[in-house]
Structures are given as C-alpha cells and as structure tokens.
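Some notes on the structure that comes next.
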Amino acid sequence: MSRKKVNLLNMMKGKKFSTEPIVARVNGKLVDLSSAVDSGSKVEFLGFESEEGRKVYWHSTAHIMAHAVGELFLGVKYGIGPSIEDGFYYDFDIEHKFSPEDLEKIESKMKEIIERDTSFIREELSKEEAIKFFKNKGEKYKVELLEEMEESKVSIYEEGEFVDLCRGPHVPSTGRIRYFKLTSIAGAYWRGDERNPMLPRIYGTSYEKKEDLDAHLIRIEEAKKRDHRKLGPELDLFSIYEEAGPGLVIWHPKGAIVRKIIEDFWVKEHRKRGYELLYTPHIARGKLWQTSGHYDFYKERMYLLKSGDEEYVLKPMNCPYHILVFKSKVRSYKELPIRYAELGTVYRYERSGTLHGAMRVRGFTQDDAHIFCSPEQIKDELVDTIDLALHILNTFGFKKFKIDLSVRDPNHLDKYMGKDDDWKLAEESLEEALQKKGLLFRRIEGEAVFYGPKIDMQLVDALGRKWQATTIQFDFNIPKKFDVEYVAKDGKRHQIIMVHRAILGSLERFFGVLIEHYGGSFPLWLAPIQTIVMTVTDEYKEYASSVYNRLVADNFRVELDVRNEKIGFKIREAELKKIPYMLIIGKKELENKTVSLRKRKEGDLGDFSLEDVLKKMREDR
C-alpha cells in the first residue's frame, strides 16, 4: 500500500519558524521545499542560520547570476557554479573579458530576475537524455561532466529560460533571494587542470539581511588587507618565484626567523610529551610506495624520478619511513606507546588552478607524527594529543575551533577495511576524547576514509574564517600492509594501533594563516624584528649603537637605523614593517640617557629609561 504524499510547502502553512525555511531535510536527505514527501517522513525545515540552508541559498544565487550573464552576453557557455565557504562562484566560457562595470550590469539583471519570482523546477532525466539535451544547447562542459557520471538518472533545474545540470536542492523561487553582491572576477582552469582552458570566474555572496551582507563586505575588504600573498613579499617574509616553479615557497630571512621560532616551540612541546624526533630522506624507492598503497591510488600526485633502471619517488608523506623505524626491531608492549615526530618536507603535484600562495603548494613541511600503541593505551593517547593541539594552537593566538568527527556510514560497513571491533574502539575513543576535553564537535557519518575514522580541527581566525589545522587519523590499512606488530603480554604478536596526526598541518600553510590572522602584525615573541632603534640625526648614532647592543645582549631581535633621513620617514617605514617597538634617540634622550618609546598601534608612549623599556618588552615577550 503506497503512502499518502504531502507537499512540504503546504506542511509549512500555519507553522511559526525562527527564520524562514530555505530547504528541508527529509529522512536525512536535503530536498526542495516544493517536494512532495511520504506522510510520516521525518522532516526538518532549515533556514539561513544552518550551514545547509546557507549553501542552498548561495548556490541558488549562483544560478541566478548565471542566468543574468546568459541574458546579457550571447554565446556564453557554462562551467560550474557551486556554493563555497562564504558565497558562490560561476565559471563561464566567453570571449568577452569581464570588467567591474560588467558586474554592475549583471547585478542589475539579477535584480530583474529576482523580481520576476520565477520558480526553480526540478526535472529528472536519464543520463543519455541529459547528454542529448546539453549537446543540442552546445554546452560542452555539462556534457563532459555528464559523461563521467556513474548515475543512470540525473537532475536538471529550470528557472525561467535558464536550465542547468544540478543535483540541487534550491530555494523555491528567485524572489526568495534578498541581498547579494558580486565581489570579484578571477580566472580558473576548467576543473583546476592547467591543461584545460582558463575560464573567467565571477565570485559573489548573498544574505537574508542587509546588515549581514554589509558586515561580510567589510570582512572582505579587511581580508584583502591581510592577504598573505600580498603581505608575505611586502614584509620580506617569503616569495614564490616563477623561475623556481609554482607552488614552491622560498622563505626570506625574516620569514625564516618566524619559521625557526615555530619549529623550536613545536619541538620543545613534543619533547615534553614523550615524542622522539626523526629525520627522513626526501626520496625513496618506488617499491616503498607500492607497499604502502600510495603508488596505486596517489600516483598522479607524486613526483617520479628515474635512476638507472630503478624508479624513485619524491616523498608525498612521511609515514612509511616512520613505520620502517618502528619495524627496525621487535617491539614489546613494554615499549609502547612509541611516538615519532618529524618536521618532514614532502612534495605533491597539485594542479596549477588549485595553488594558492602558501596555503596550497607543491612542496611543504608537515608537522607530522605517528603514535604506535596498544588498544588499552589509545584513549589516553588521544586525550593527550588533543590537549597538545589545543596548547600549541592557543599559544599562537587561536581560541575558537570547528571540529568534525568523521565516522563510518553504518549502512555501508562493507566499504571500510579493518575489523569491526577496531572501528568501534577507534570511533568511541575519538568521541570520548573530545567529550573529555569539553569540546563541541559535529559527528559526520559516512565521512571517514576507508582506512579509519578521524578528527579534523579547523581554527577560526580574527575575521571568523575557518582554516584546516589539526588532523588525528586512525589507520587500519598501512599497519596491515607493512605487517606492523608488537609482542603483547600474552607473548603473541598483535597488529599495532597506529594514529597519524598533524597539529599545524604544514608550516607553509600555518604561516600563511598566521600572517592573515595577525594582518602581519605578529605578537612580540613571533615578530621577526621585535624593535628598531632610530636616530633623529646621525650625530646620535654612538648612543643609539650602545642601546642597540644592549637589546641584542638581552636576546631581542633588533634593527639599527642611523641613516641621515627625517625621523618621520623612518617611523612610517618602521610602521609599514609592522615592528612592535620603536626606540627613538635625539638630543634630549642622549642628555637624559633615555629613549623615546613608540609602540605599534599605540603611538608615542613617552620617554623611558632603557631598563624600563627592557622590562616592558620582557613582559610582552
């Protein structure tokens, strides 16, 4: 007997919602509000306050933008138009070169389409019907996507004259979109592959409330000022040179100082927690990566080297080396846990279209570690790992996090390798560790990789943006492939429990996040140059040199500026370099044996004895 169908829009009538619904989750699946569902279904209405609601809202706005571009520019072909972290984009194949003036025209046309309040209509087609439909329209990019799909049925969405290949869902109609803004124009290789055409890309965002859109646009402007790709070279921290190759970060002396501070702190904290340091080579025989499985599943992202008749690989990760060290002798349960840590540089071929400053690169240094332990030890190890991650990230100024726990899909357990008991232990241990630390987290079923569950911690920066940092990943695959065992209390060999974990992710990426979090104005302990001594004229350079030497002796990173330049010019230059403390010396300071102190963002603080300044700086450090 078939169940009675109920229209979701009718179901909403007479109900009160804190925010107007955008989409519905029915029996765990997101659907359009225009859908008819079985009576008795579990229905949850979602508004803009939910992540799912925002993504639907933004994706719907992307469709409206694409529709507007099609009405304004004849002959345009469509790429893809997904929602992203804080809005949406759409890629177009068009001979016309978009300008800022074009964005205004597109926005005006979008307003017209929104005022029409046209419905988003979903239709299902067979894969073959969809290919024929988009071929007839000349939409080669849609055809390419369709030909690679495994599904026999696909969906399209019609909105007025605009039809797009799309899984959906969408808002009920165009009039549901309130406030929007097209924010920038860029170029992107089709599907992130430099062998494909470069397509113009238009970014935008939309919000339910005007004040929220205005706040977002302010954040965008602030983000532009903090962009690590701009500040890195400006502050002489790092560069990426075309001559050396894309995705390869060259650390300048000042950036190298900050990196060394990060590394020294990282090593010190790991040594406190019982980690042992390793250094491993940058290359290894291809056979090692065949054993690990990386060669078969990761080959397109690996750099392969020929040496005589043998193939070597630039290492894409450190774990096989760590396993070799663990296996170098028979291990007893009495030795466990064993924790190996390495700041290991790895190399991965990332498509040119995906590279992004220091955040997405081809050569980077992982703050990598592997924990080898017994089942009885795993819960304590996870709590200690989370505690270490929080301590390190808090020290660098990050206090807020978004945490995901990725576990198996309970309906498809056959997709995952490893014993069921091991998975249960791993998932329960990860969850209990997060609960023990009092951390809020989202449990996501079906997001675990096939070889183990994991925790992902995204740190939240000063602008509220989220950046991937800490990952704690169980691995039931590699220990089996390498036959990694230990001798237990019963005298028998048992497979080791192995956990991969990185706290910062990579030094390059973390450095980029630090730059944007602080806008280049690092706290005193991280600043590459902590203070600068400046003279009003060069006749005071002897006293300035003695002040400089005193600061150096106190282990401060200091510069001396005795150039015959106006002091205002020197101060502005130091401010642009974002140096925390400025010590100015002129006639009065020489006579009184003091210094005039300026502090970044605070300005002139007055005259102080050098000892008082040193005391302030020691407290700040």
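Side-chain atoms of T291 and P320, non-hydrogen and from C-beta on, never get closer than 4.5 Å to each other. Between W289 and K315 there is a side-chain heavy-atom pair separated by less than 4.5 Å. Between K400 and Q458, every side-chain heavy-atom pair lies at or beyond the 4.5 Å cut-off. In this structure, the side chains of H252 and S239 come closer than 4.5 Å at one or more pairs of heavy atoms. Two residues are said to be in side-chain contact when any heavy atoms from C-beta on lie closer than 4.5 Å; K224 and E221 meet this criterion. You'll find the side chain of R273 stays beyond 4.5 Å of the side chain of R339, heavy atoms only.
Using a distance-only test at 3.5 Å, with no hydrogens or angles considered, a donor-acceptor pair links the side chain of E508 to the main chain of T365. Proximity of a side-chain donor or acceptor of H270 to a complementary backbone N or O of A341 within less than 3.5 Å is not detected. Remark: the backbone N or O of S406 is not paired with any side-chain donor or acceptor of D404 at under 3.5 angstrom. With hydrogens and angles ignored, the 3.5 Å screen pairs no side-chain donor or acceptor of R226 with any backbone N or O of G520. Put simply, the side chain of R600 gets close to the backbone of F522: a donor and an acceptor are under 3.5 Å apart. With hydrogens and angles disregarded, a donor-acceptor distance shorter than 3.5 Å links the side chain of E427 to the backbone of R408. Listed for the W58 side chain is no donor-acceptor partner under 3.5 Å among the backbone atoms of P82. D554 places no side-chain N or O within donor-acceptor distance of the main-chain N or O of F556, the cut-off being under 3.5 Å. Here the side chain of E350 pairs no donor or acceptor atom with the backbone of R360 at under 3.5 angstrom. Of the possible polar contacts, one joining the Q473 side chain to the G452 backbone as a donor-acceptor pair under 3.5 Å is found.
A cation-pi contact, defined as under 6.0 Å to the ring centre and within 45° of the axis, is absent between R509 and F364.
Applying side chain to side chain contact (heavy atoms under 4.5 Å, CB included) to I386 and the options T470, I403, I455 leaves one that passes, I455. Just one residue in the list T531, L583, D612 forms a side chain to side chain contact (heavy atoms under 4.5 Å, CB included) with L597, and that residue is L583. A ring pair (Phe, Tyr, Trp, His ring centres under 6.0 Å) with F396 is found for one member of Y518, F511, W525 and no other, namely W525.
For the residue pair T205/R54, the side-chain donor-acceptor check at 3.5 Å is not satisfied. When only modelled atom types and interatomic distance are considered, S374 and E376 share a side-chain donor-acceptor pair under 3.5 Å. Side-chain contact, H494 with Y333: no donor N or O sits under 3.5 Å from an acceptor N or O.
When all heavy atoms of P479 and M498 are compared, the closest pair comes out as CG-CB, 3.6 Å. Y347 approaches T345 most closely through the heavy-atom pair OH-CG2, 3.5 Å. The shortest non-hydrogen separation linking Y581 to K616 is OH-O, 4.0 Å.
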Decide salt bridge (charged side-chain N to carboxylate O under 4.0 Å, His left out) for K299 and E311; before the verdict, give the C-alpha distance in whole Å, the side-chain angles of both, and the deciding distance to 0.1 Å. CA-CA 13 Å; K299 186 176 179 180; E311 187 174 61; 5.6 Å; no
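Heavy-atom contacts from other residues, nucleotides or ligands closer than 6.0 Å to CZ of R219 number more than 12. Environment of NZ in K399: crowded, with over 12 heavy atoms of neighbouring residues, nucleotides or ligands closer than 6.0 Å. The environment of CZ in R285 is sparse: at most 12 heavy-atom neighbours from other residues, nucleotides or ligands sit within 6.0 Å. Other residues, nucleotides and ligands contribute over 12 non-hydrogen atoms within 6.0 Å of the NZ atom of K402. More than 12 heavy atoms of other residues, nucleotides or ligands lie within 6.0 Å of CG in L413, so this atom counts as buried by the packing criterion. At most 12 non-hydrogen atoms from other residues, nucleotides or ligands lie less than 6.0 angstrom from NZ of K489. Enclosure of atom CZ in R493 is not indicated, since only 12 or fewer non-hydrogen atoms of other residues, nucleotides or ligands lie within 6.0 angstrom.
Ring planes of F326 and Y340: perpendicular class, angle over 60° (limits at 30 and 60°). Ring geometry, F476 versus F474: the interplanar angle falls from 30° to 60°, so the pair is classed tilted. By the 30° and 60° cut-offs, the orientation of the rings of H370 relative to H322 is perpendicular.
Ion pairing between a basic and an acidic side chain is recognised when a charged N comes within 4.0 Å of a carboxylate O; K230 and E234 show such pairing.
Checked against the 6.0 Å centroid criterion, the rings of Y486 and F372 do not qualify as a close aromatic pair.
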